[in-house]
Asks: 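Quick one: the structure is below, and I'll ask about it shortly.
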Protein chains: 2
Amino acid sequence: MNAEQRPLRADAQRNLERITASAQALFAERGTAAQMEDIAAHAGVGVGTLYRRFPTKESLLTALVRGRFQEFTVIATEIEATIEDPYDALATMMRRHAETVEDDAAFQLAMMSINSFQWEGIEEDKSALNAVVLRIIERAQRAGAVRADLRIEEYGMLMCATTATMYFLHDRGVWRRHLEIVLDGLRSATA
Amino acid sequence: MNAEQRPLRADAQRNLERITASAQALFAERGTAAQMEDIAAHAGVGVGTLYRRFPTKESLLTALVRGRFQEFTVIATEIEATIEDPYDALATMMRRHAETVEDDAAFQLAMMSINSFQWEGIEEDKSALNAVVLRIIERAQRAGAVRADLRIEEYGMLMCATTATMYFLHDRGVWRRHLEIVLDGLRSATA
DNA sequence: GCGGAAGAGGAACTACGGTTCCGTATAAGC
DNA sequence: GCTTATACGGAACCGTAGTTCCTCTTCCGC
């Protein structure tokens with residue numbers, strides 16, 4: 001197969017890093033509308049070089065999105081281990097996840113469409129995250145802090161909604177308000 | 001000025017209606033990605049004819065969006081006059097507004113970007129709607145049914161979020177779940 | 001140092017979709 | 001019926017942005 005071939009040549013490695021960084025920066029700033037030529041220029045390479053590493057724009061975006069998405073799992077795991085209070089753990093996770101997305105327009109779009117678009121290989125990442133999130137939700141439910149009818153699939157939905165307020169409403173901070181209202185809505189009716 | 005010129009020729013009037021209906025149908029089904037040629041074909045006319053009435057795709061979309069947006073005001077006004085219970089009025093308005101958007105992908109996108117995109121002339125429609133919504137919100141607040149810190153600008157934000165769950169999550173009904181949680185979050189902390 | 005495989009660059013190619021243009025058709029008034 | 005302003009159709013045009021391709025360069029093992 002196309003195996004893990006020998007390491008990249010030194011210059012290629014260097015360029016790959018610059019490309020990745022530039023792509024991250026431009027996608028964050030301009031969303032998925034960022035152009036391949038601009039990314040290449042920003043990285044100081046030609047488009048041909050860019051296409052050698054990432055055969056399509058989508059593959060470039062996907063690589064970046066997966067990388068950032070995996071941070072979600074790291075964050076959730078860290079919170080699970082750190083925060084005692086079951087409700088606080090859930091609330092903090094949601095806030096931290098939203099903050100992760102805050103300054104990256106392309107990532108915002110990716111998060112919203114995570115369930116309606118085929119991001120090559122994202123399914124693995126998604127189930128890894130789901131496992132941790134599920135534990136955090138169930139812990140909060142067992143403690144009676146969160147409505148019992150909250151289902152794991154709804155986590156993505158709530159994040160999608162929160163992210164939309166960032167993406168579409170260019171008013172830093174509104175999303176916090178949305179999340180606050182949602183969190184209030186998640187508290188047990190009998191709290 | 002370009003005044004209200006004489007009425008359209010009979011055939012032109014007929015075509016205008018078919019164009020409007022086709023555009024509405026295709027934008028609803030395919031979102032803003034619906035193509036001008038397809039719309040013309042669906043209406044049984046050439047693109048030239050389409051462009052005679054609507055000089056740009058954006059103008060066509062805007063006309064449709066404004067039309068649908070105005071329904072919002074009608075709905076809100078009707079609810080204000082009909083529903084006694086202050087909380088119920090607010091909740092019903094949100095549900096009805098969301099339902100209005102439900103089967104129209106382009107309109108969903110328009111609603112989400114209503115504050116970040118220049119929809120020619122939408123400002124008027126927006127302030128007409130705002131007046132009614134404000135009364136409904138304040139009535140609910142005076143009754144102590146809804147958190148006192150809810151601000152009128154947040155209505156659009158909540159609808160944006162709810163709409164996003166329709167647009168991105170292709171699961172009819174999730175949005176109702178989102179709205180339910182939000183509505184719970186809106187109830188007075190002291191309710 | 002040399003040979004060649006791996007890499008770089010960027011002009012050119014392509015597909016797509018909105019928009020224009022103009023020759024032809026037709027409604028509507030005399 | 002005739003005239004003409006209005007309208008129609010759709011091929012052609014154009015800009016945009018992703019992708020390809022081919023020539024030239026550079027790293028790296030012998």
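Numbers restart at 1 for each chain; the letters A, B, ... are given by sequence-line order, proteins then strands. These numbers were taken from a predicted model, which means no experiment stands behind them.
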Asks: Once the angle between the rings of A/H178 and B/H178 is folded into 0 to 90°, is it parallel (under 30°), tilted (30 to 60°) or perpendicular (over 60°)?
Replies: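 It falls in the parallel class, under 30°.
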
Asks: Rounded to whole Å, how long is the line connecting atom CD of A/Q13 with atom C1' of D/dC28?
Replies: 16 Å

Asks: Are A/D125 and A/R68 within salt-bridge range, i.e. N to O under 4.0 Å?
Replies: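 Answer for the salt bridge query: no.
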
Asks: Just the rounded figure in Å: distance from P of D/dA7 to CD1 of B/I19.
Replies: 12 Å

Asks: So which nucleotide from D/dA7, D/dC27, C/dT19 ends up closest to the side chain of B/D11?
Replies: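 That would be D/dA7.
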
Asks: Below 4.0 angstrom, N of the basic side chain to O of the carboxylate: do B/E99 and B/R176 qualify?
Replies: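 Result for this pair is yes, salt bridge flagged.
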
Asks: Report yes if a donor N or O on one partner sits less than 3.5 Å from an acceptor N or O on the other, where the partners are the side chain of A/R52 and the base of C/dA6; otherwise report no.
Replies: no

Asks: Confirm from the modelled atom types if B/R9 and C/dT26 form a donor-acceptor pair under 3.5 Å, side chain to base only.
Replies: yes

Asks: With a cut-off of less than 4.0 Å, is there a side-chain N or O of A/T49 near OP1 or OP2 of C/dG9?
Replies: yes

Asks: Take the protein atom CG of B/D38 and the nucleotide atom C1' of D/dG10, then report the distance between them rounded to whole Å.
Replies: 14 Å

Asks: How would you label the contact of A/V45 with the nucleic acid (heavy atoms, under 4.0 Å): base, sugar-phosphate, or nothing?
Replies: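 The residue A/V45 makes sugar-phosphate contact but no base contact.
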
Asks: In this structure, how many angstroms lie between the P atom of C/dA8 and the CD atom of A/E17, rounded?
Replies: 12 Å

Asks: Reading DNA chain C from 5' onward, which residue's closest nucleotide shows up sooner: A/G46 or B/K57?
Replies: A/G46

Asks: Is a salt bridge present between A/E154 and A/R147, judged by a nitrogen-to-oxygen distance below 4.0 Å?
Replies: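 A/R147 and A/E154: not salt-bridged.
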
Asks: Looking only at side-chain atoms of B/V47, point me to the closest of D/dT19, D/dA11, C/dA27.
Replies: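 When the side chain of B/V47 is considered, D/dA11 is the closest of D/dT19, D/dA11, C/dA27.
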
Asks: How long is the line joining CG of B/L60 and C1' of C/dT19, in whole Å?
Replies: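 Interatomic distance, CG of B/L60 to C1' of C/dT19: 14 Å.
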
Asks: To the nearest Å, give me how far apart CG (A/N15) and C1' (C/dG9) are.
Replies: 11 Å

Asks: Which is more 5' along DNA chain C, the nucleotide nearest B/R14 or the one nearest B/T56? Just name the residue.
Replies: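 In this pair, the answer is B/T56.
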
Asks: I need the CG-C1' distance between A/L50 and C/dA11, as an integer number of Å.
Replies: 16 Å

Asks: Is B/E120 salt-bridged to B/R66, going by a charged N under 4.0 Å from an acidic O?
Replies: no

Asks: Within the pair A/R53 and C/dG7, is there a side-chain N or O less than 4.0 Å away from OP1 or OP2?
Replies: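 Answer yes for this pair, as a side-chain N or O of A/R53 is under 4.0 Å from OP1 or OP2.
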
Asks: For B/G48 and for A/G48, locate the closest nucleotide of DNA chain D by heavy-atom distance; then report the residue assigned to the nucleotide nearer the 5' terminus.
Replies: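 With B/G48 and A/G48 compared, the 5'-side residue is B/G48.
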
Asks: Measure the distance from CZ on A/R18 to P on C/dG7 and round it to the nearest whole Å.
Replies: 17 Å

